Structures are given as C-alpha cells and as structure tokens.
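For reference, the structure discussed in these notes is given below.
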Amino acid sequence: MELKLDETRPFNLDHTLSCGQVFRWEKIDRWWEGVVEGNVIRITQERDRLLFRTNHSAEDCAEFLKNYLRLDDDLPMILSSIDKDSWVNSAIQKFHGLRLIRQNPWECLISYICATNTNIPAIKNRILELSKRFGDEVTFEDKVFYTFPEPQELAEADLDELKSCGLGYRAKYVLKTAKKIKASPDLLKAFKSLEYEELRKGLLSLAGVGPKVADCITLFAFDKLEAFPIDVWVRRVMYQRYLKKEIPQYPKTGRAKPLTGSEYDELRSFAWRYFGKYAGYAQQYLFYHIRIEESRRMSG
DNA sequence: CAGGCG
DNA sequence: CCTGG
C-alpha cells in the first residue's frame, strides 16, 4: 500500500524515526518496522511516496499514519517561524522533513519514565523487554513482534519482573504509575482537554515524572507544540548557542551542576520568547542536530 | 559515565 | 540510585 505525500508537505521518514522521539522503530534494509497501537507496520519512503505493509487494514493504516506522522502539520510555516538564526537554520536544512510524532499517551508516559538518566540503546532494550514480557505476541510476515503492554498488565506486574527488564530503580515508578492509570482509566483521556500548564501539572503528579519527562509527554503525546523539553543536550545547545555562556559548574571538579527547577524554567521561557509557539519543533531539530554533531565528533 | 527523579 | 553500552 502507499500513501502519497503532498509536495507542499515535506516529510522525511528517516529523520522522523531516527531523531530520538520514539523507541520502538527499527530499520532493516530500507524498511522501518514497528508496532503501534497493537499493529505491526513496515514502512519505507520513496521520494514523495510512503510505502507500507501492515497486518491490519491498509485504509485504516493510511489514515493512522497521516495522524501519527503529523502530516497535517503545516511544516513549512512552522519551520519558517522557528528559523531564527544560522544554527537552527542549519538543523532545518540538514533534517528537512523531520516531523514530530503523535504518540500514544500511555506508551509515551511509560517509555519516558524508563528513559531517565540513561541512553537510547538502553531505553530501546527496556521497552522491548517490557513488551516481550507483558505485551501480546503478533506475528507478521513470519516475524514475531510484541505489542506494548496495557496499563493493567504492568499494574499487576511483579516489581522484580519489571526490574528484570532492565528498569532498575525506575521499576517502582512504572509500577506505581501503572497502578494509578489502571485505577483511573480515563485519566489520560481527561488530560487531553487540558491546556499545557495544567496538563504538565497533572503529569508531574505521576511517579517518575519530572519536568523533562512531563514536557516530552505533553509534546509527543498531547499536541503541545509549545512544550520545550530540556535534557542535558538541549541545555548544552542553549548555553553554547544562545546564552553564550558556560553551563553552571562546580569550581573544583569543573563538572556541570545538575539542572535545577528554576534554571529549567528560565531556559524554557527563553525558548518561548525566542522560538515562539512552535518551540517544541525547534527543540527536536536542535536536539537531533547536536546529537548527530556529537556522535560525529566521537567517531572522529 | 549516561537523554533525571524523589 | 539501577543498569548496560
């Protein structure tokens, strides 16, 4: 099956799935494969065409992908609105067509609780292990996939079994939050009607969700394009490229001080003044840019 | 040593 | 503080 892309709606599948916002897609010679909303999808891009195969109905899948890949966003308008300087401009040139993804709130919530204080390969492993142990098996084109577990499946899990998925100390947060969602199944739906700040407060009340995780969830799963999640990488970009000063350091060791709540809020409001209401898109381009640049530096 | 949180 | 890259 295929999905035609409007030439006025630039889209780049590789950038969109590689930029670090989602953890359950894997590229195997030209085709990306993933499990979303319980369905297996294999997808690849040929210029202005998205080719895909799925174990579900193709028509439904095409509609799903339009929404999931945010093909409804007016990307040229958004990019021109955040195109404020040469550095973000080079990110826009390099990763043109990168779009945010509309993720499932529940999966996004648990995934980002699992994503604290660690790196992307480890996060992917955790999500995969969680799905193997607590999700359902789905076979597609002779390959076995696993759906992301439902709230009650994680809520009823044993703490040590969660830990054995590599969650470490995050296991208790996942368990506690899963129990809360199981106890109030409509909570995430109710969150959809909230504005950004109220939604953020609601998310912050969940175990394992701090400012950074909350902002990732508001941006990736609740359409809050003004959200500006700040991790160590975005913090570096902000200081190096915009504030033009050193990250706060300990005098003796020279190590960076951890990001405080008030510093987080200052950086966030700077981003809003500077980038405007699509700051979340700017964040993703900046984030991917510095990550790519850093990985080039590491490998020489 | 890493894409924070309680 | 857990764990793995």
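Just so we're clear, the structure is a prediction, and the values are computed from it rather than from any experiment. By convention in this document, chain letters (A, B, ...) are assigned in the order of the sequence lines, proteins followed by strands, and residues within each chain are numbered from 1.
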Could you tell me whether [X] and [Y] have a side-chain N and a carboxylate O separated by less than 4.0 Å?
| X | Y | result |
| --- | --- | --- |
| A:D48 | A:K4 | yes |
| A:R235 | A:E263 | yes |
| A:K277 | A:E226 | no |

Over all strands shown, is [X] touching base, sugar-phosphate only, or nothing at heavy-atom distances under 4.0 angstrom?
| X | value |
| --- | --- |
| A:V234 | nothing |
| A:A207 | sugar-phosphate |
| A:P258 | nothing |
| A:K172 | sugar-phosphate |
| A:L206 | sugar-phosphate |

Protein-nucleotide distance ([X], atom [atom1]; [N], atom [atom2]), rounded to Å:
| X | N | atom1 | atom2 | value |
| --- | --- | --- | --- | --- |
| A:I113 | B:dC5 | CD1 | C1' | 10 Å |
| A:Y264 | B:dG3 | OH | C1' | 11 Å |
| A:I292 | B:dG3 | CD1 | P | 14 Å |
| A:L203 | B:dG6 | CG | P | 12 Å |
| A:I290 | B:dG3 | CD1 | C1' | 12 Å |
| A:E294 | B:dA2 | CD | C1' | 13 Å |
| A:I247 | B:dG3 | CD1 | P | 13 Å |
| A:R200 | B:dC5 | CZ | C1' | 14 Å |

Side-chain donor/acceptor of A:E198 to backbone N/O of A:E195, under 3.5 Å: no

Worksheet item: Counting only N and O atoms by type, is there a donor-acceptor contact under 3.5 Å from the side chain of A:T147 to the main-chain atoms of A:D136?
Response: yes

A:Y281 and A:F275: aromatic ring centres closer than 6.0 Å? no

Secondary structure of DNA chain C per the Watson-Crick/G-U criterion (both distances under 3.5 Å; [ ] crossing, | other strand, . unpaired) is |.||.

Given the options A:T16, A:D14, A:T44, A:W32 meets side-chain contact (heavy atoms from CB on, under 4.5 Å) only with A:D14

Derivation and outcome, side chain to side chain contact (heavy atoms under 4.5 Å, CB included), residues A:D72 and A:K66:
CA-CA 7 Å; A:D72 52 322; A:K66 283 185 203 170; over 6 Å; no

Q.
Would you say that more than 12 heavy atoms from the other residues, nucleotides or ligands in this model lie under 6.0 Å from the NZ of A:K143, or not?
A. yes

Pairs under 3.5 angstrom, nitrogen or oxygen only, protein versus nucleotides 3-5 of chain C, please.
from  : atom 1 : to     : atom 2 : distance (Å)
C:dG5 : OP1    : A:N125 : ND2    : 2.5

Per nearest nucleotide of DNA chain B, the residue lying toward the 5' end, A:R291 or A:L204, is A:R291

